[in-house]
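The structure appears right after this line, and notes come after that.
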Amino acid sequence: MPEGHTIHRLARELTRDLVGGALAVSSPQGRAAATAALLERGTLARIDPYGKHLFLRWKTGLTLHVHLGMYGKFHRFEPPGPEPRPTVRLRLAGERLVVDLIGPTVCAIIEPGEEARLRGRLGPDPLARGTRPELAWERLRRRRTAVGAALLDQSVLAGVGNVYRAEALFVHGIDPCRPASTLTREEFDALWATLAGMLRHGVRDGRIITVDPTEFGYRRRSRIPPEQARYVYRQPFCRRCRTPVDRFLLAGRWAYRCPHCQPRL
DNA sequence: TACATATGATCAT
DNA sequence: TGATCCTATGTAA
């Protein structure tokens, strides 16, 4: 399940295994049948990630826009792959790889103008090349909402989701309920650097590990068991100081805060 | 069988 | 703020 790191990792893997040869495109579920028909036997030119969005560019000039939402997944198989499950929205079958797209929020051809509008709404993606944190800072400091709400707003920062929000704010001792406008430039710069680092690790690891391994006696991040990989997100106790973690809804999502490590202002 | 839950986002009110 | 969409899984009943 996807925050920005999942999308960037997918872009790499699918680029490696799908770009180049002709693909059989189908929609076993039927809902994307028209889209599949437009792409059938087509060849991918490139795949671009941005934030939580994936843009699959075909040599015909068409672009397939995919957003996984909360439950969306790509299942990967060695060709020819199994009989598709009835929920498969789109199957892309190539020489080296078969992928099934399940449960996305968006899976549709997008026109250039529409893509431009979408990108215009999105804030900078810390994983994108040549990204501009300045824009995130300008938007964040004008928000009247809590910083924990602002971080989930994709027009402020693209690619950050609920886990990274909880963990990055923890690392810097920031209470998620603090008004975004009270953040100092120094705090923002530190938060951006942390988020960018966490996202990059996420791409590399294929999962979200936010704790410093040495803090728990591990030499390598990869050795950390899943239940120990985070400081506060879905943790009953703060992994650093053992204080019970606060859980409360913020911007409609569960937020996590250590009352000791992230005191109110 | 039913219900709760999940790393998301949009639209109506 | 609440309803809604999309799917799979784990737990309770």
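Proteins get letters first, then strands, A, B, ... in listed order; numbering begins at 1 in each.
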Original post:
B:dA9 phosphate, OP1 or OP2: any side-chain N/O from A:Gln154 under 4.0 angstrom?
Top reply: yes

**OP:** Using the six-membered ring wherever Trp is involved, compare the ring planes of A:His65 and A:Phe55 and label them parallel, tilted or perpendicular (cut-offs 30° and 60°).
**Re:** parallel

Subject >> Given C:dA8, B:dT7, C:dC5, the nucleotide with the shortest approach to the side chain of A:Arg31 >> reply: C:dC5

Original post:
Which nucleotide in the list C:dC6, C:dA8, B:dT7 gets nearest to the side chain of A:Tyr71?
Top reply: C:dC6

**OP:** If the plane angle is over 60° it's perpendicular, under 30° parallel, otherwise tilted; pick one for A:Phe170 and A:Tyr231.
**Re:** parallel

Original post:
Closest to the A:His67 side chain: B:dA9, C:dT7, B:dT7?
Top reply: B:dA9

Original post:
How is A:Thr105 classified with respect to the nucleic acid when contacts are heavy atoms under 4.0 Å: base, sugar-phosphate, or nothing?
Top reply: base

Original post:
To the nearest Å, how far apart are A:Leu152 CG and B:dA9 P?
Top reply: 8 Å

Original post:
What is the distance, rounded to the nearest whole Å, between atom CZ of A:Phe74 and atom P of C:dC6?
Top reply: 18 Å

**OP:** Send over the distance from A:Tyr256 OH to B:dT5 P, rounded to a whole Å.
**Re:** 10 Å

**OP:** With C1' as the reference atom in both, quote the distance from C:dA8 to B:dT10 in angstrom, rounded to an integer.
**Re:** 22 Å

**OP:** Could you check whether A:Arg234 gets within reach of a base, just the sugar-phosphate, or nothing at all, counting any heavy atom under 4.0 Å?
**Re:** sugar-phosphate

Original post:
A:Gln29 near the nucleic acid: base, sugar-phosphate alone, or nothing, with a heavy-atom cut-off under 4.0 Å?
Top reply: sugar-phosphate

Original post:
Expressed in angstrom and rounded to an integer, what is the separation of A:Arg121 atom CZ from B:dC11 atom P?
Top reply: 8 Å

Original post:
Which nucleotide in the list B:dG8, B:dA6, B:dA9 gets nearest to the side chain of A:Tyr233?
Top reply: B:dA6

Subject >> Salt bridge A:Arg89-A:Asp100, side-chain N to carboxylate O under 4.0 Å >> reply: no

Subject >> Residue among A:Thr6, A:Ile7, A:Leu127, A:Leu10 satisfying side chain to side chain contact (heavy atoms under 4.5 Å, CB included) with A:Val203 >> reply: A:Leu127

**OP:** Using the P atoms only, state how far C:dT4 lies from B:dA4, rounded to an integer number of Å.
**Re:** 15 Å

**OP:** In whole angstrom, give me the gap between the P atoms of B:dA9 and C:dT9.
**Re:** 22 Å

Original post:
Of the candidate nucleotides B:dG8, B:dT7, B:dA6, which contains the atom at the shortest distance from the side chain of A:Trp254?
Top reply: B:dA6

**OP:** Using side chain to side chain contact (heavy atoms under 4.5 Å, CB included) as the criterion, point out the one residue from A:Val25, A:Thr43, A:Ile109 that pairs with A:Trp58.
**Re:** A:Val25

Original post:
What nucleotide among B:dA6, C:dT9, B:dA9 has an atom nearest to a side-chain atom of A:Arg85?
Top reply: C:dT9

Original post:
Over how many whole Å does the gap from A:His53 atom NE2 to B:dG8 atom P extend?
Top reply: 12 Å

